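Okay, structure first, notes after.
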Amino acid sequence: MDKFIIRGGNPLQGTIRVSGAKNSALPCMAAAILTEDEIILENIPDVRDIETERKLLASMGAEVDLGYGRAHHRTRIRCASLSDPVARYEIVKTMRASSLVLGPLLARTGMARVAMPGGCAIGGRPIDLHIKGLQAMGAEITQDHGYLEARAQRLKGARIVFDKITVTGTEDLLMAATLAEGETLMENCAREPEVSDLAALLVAMGAKIEGAGTSTIRIHGVERLHGARHRIYPDRIEAGTFLVAGAISGGDLTVAGCNPAHLSALICKLDEAGARCEIAADSIRVRCGGSLRAADISTEEYPGFPTDMQAQYMALATQADGVSQITENIFENRFMHVQELARMGANIRVDGRTATVRGKTPLSSAAVMASDLRASASLVLAALVADGETIVDRVYHIDRGYERIEEKLRGVGAQIRRIGNVFPQKQAVEPITA
Ligand code: UD1
């Protein structure tokens, strides 16, 4: 199993470039199921979840060409025939976003068999709202042996009001509705940029959609969708992680190739905490010469503060003077990083959904364990300012969603190297550079 060895103390300086958004790429790859034509996606990140999605689509009979036309970040997908419309547990258990294939499979083939995702490190994560929406569109759904089986001759447009805002739920039903008969009106939808990104691809494929990016989306179903080419948005969570890296390390870092409009909630908090952000058209420069101040955060659906940035922000809060209250409203169990940060010297008390961080505490190196994708990013950030050499174990979690994070951070002055059975293959054991 790979590990990172990180020596703290270097302020990050220079320019770091953001990859395509994993959370846009996954639904966009699933959208290829909706047509027998070719879908070309640009700016696909080279991360493990994308390889998992490739396997998932290929297991159903799709042709998936990652790195198509020798372009590293381009993907070609063709679902000419889907001989086996099944998402097996072996794949679903490693990537919960696999349930995104439920709606498109049902809409295209009239049948889908998808393993139930079960629990995960950050909470229960049910898919009951996906199921309820598909039932409202006329699907018959049964459950046996840990699988959901959905059937429908042709889905019918419906009025769907989500009981709770769900990102992949909105995306799943949006895809299903594109091929349904008649009009679907979805209310209380997720407004995340990834929903708009998916909708842009669907429109390029011939779908009729109004209101994506707002809480009400109207879809006029069409008979068939065709091939398209689409460029994936930059990853706002990777960009946010780098902004925190620049601020926590007391550096001067330009995060390039991002969309600053997608990062407003984080930028406001960084300003409040004393890091200065200069915004340009597609980059943000973060500088932090002096000390950081405590600032409270409370996670919310977009455009609020993202739950996917909570763990990274907590690492920053350990280095801010004063008391920061961090409230997690989206997932019930998303404080797995707290114990590991505490092992490095952080002073954090958790009471229900709120963590109280008292800073500034010096962090010291330790062997720590990554428990999920964003928790592992927070440990890397803490290690950047810890005294001595931190070992972050189980970095396969970080490889799910960050493209070569150690190479990118090393490029701006961090002392980080990977050891173990390297992923991707070409990476070898590298010495720590000063
Ligand atoms: C997506 C993101 C994930 C992010 C999360 C919240 C992808 C691939 N993943 O996950 O990175 O952390 O949004 O921004 O885009 N819920 C239900 N029933 C459902 C669906 C969800 O109760 O049918 C609940 C969940 O348990 C959770 C909340 O709704 O408490 C939000 O979850 P949701 O937005 O669905 O998260 P994901 O789409 O899985």
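Nothing here was measured: the structure is a model prediction, and the numbers come from that model. In each ligand, atom 1 is the first atom listed, and ligand 1 is the first ligand listed.
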Inset, instruction - From the options P126, A190, P306, select the one whose nearest heavy atom is closest to atom 21 (C) of ligand 1. - result: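 Looking at heavy atoms only, P126 sits closest to atom 21 (C) of ligand 1.
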Inset, instruction - Have a look at F331, Y302, F162 and point out the one with the heavy atom closest to atom 32 (O) of ligand 1. - result: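 Among F331, Y302, F162, the closest heavy atom to atom 32 (O) of ligand 1 comes from F331.
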Looking just at side-chain N and O atoms, do [X] and [Y] make a donor-acceptor pair shorter than 3.5 Å?
X	Y	result
T299	E328	yes
H73	D46	no
H337	Q310	yes
N329	S298	yes

Legend entry - side chain to side chain donor-acceptor pair (under 3.5 Å) partners of T241, counting only residues at least two apart: Q312, Y402
Inset, instruction - Please check if the side chain of D172 supplies one atom and the backbone of G103 the other of a donor-acceptor pair under 3.5 Å. - result: yes
Going by distance only, is there an N or O of [X] that falls short of 3.5 Å from an N or O of ligand 1?
X	answer
N23	yes
L26	no
E332	no
E192	no

Legend entry - side chain to side chain contact (heavy atoms under 4.5 Å, CB included) against N43, all qualifying residues, sequence neighbours excluded: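 So N43 forms a side chain to side chain contact (heavy atoms under 4.5 Å, CB included) with R231, I232.
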Inset, instruction - Indicate, with yes or no, if the rings of Y89 and Y147 have centres closer together than 6.0 Å. - result: no
Legend entry - Pair K408 + E238: basic N to acidic O under 4.0 Å: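 Looking at E238 together with K408, the answer is yes, because their closest N to O distance falls below 4.0 Å.
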Pull out every atom of ligand 1 sitting under 4.0 Å from any heavy atom of [X], numbered as shown with elements.
X	value
T168	7 (C), 8 (C), 15 (O), 35 (O), 37 (P), 38 (O), 39 (O)
I330	27 (C), 30 (O), 31 (C)
L129	18 (N), 19 (C), 23 (O)
I127	19 (C), 23 (O)
T307	6 (C), 12 (O), 14 (O)

Can [X] be said to touch ligand 1, with heavy atoms closer than 4.0 Å?
X	value
R334	yes
I165	yes
R96	no
H130	yes

Inset, instruction - Quickly, which of D84, L148, D144 forms a side-chain contact (heavy atoms from CB on, under 4.5 Å) with R113? Name it, please. - result: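 Answer after filtering D84, L148, D144: D144.
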Legend entry - Region of D308 that comes within reach of ligand 1 [heavy atoms, distance under 4.0 Å]: side chain
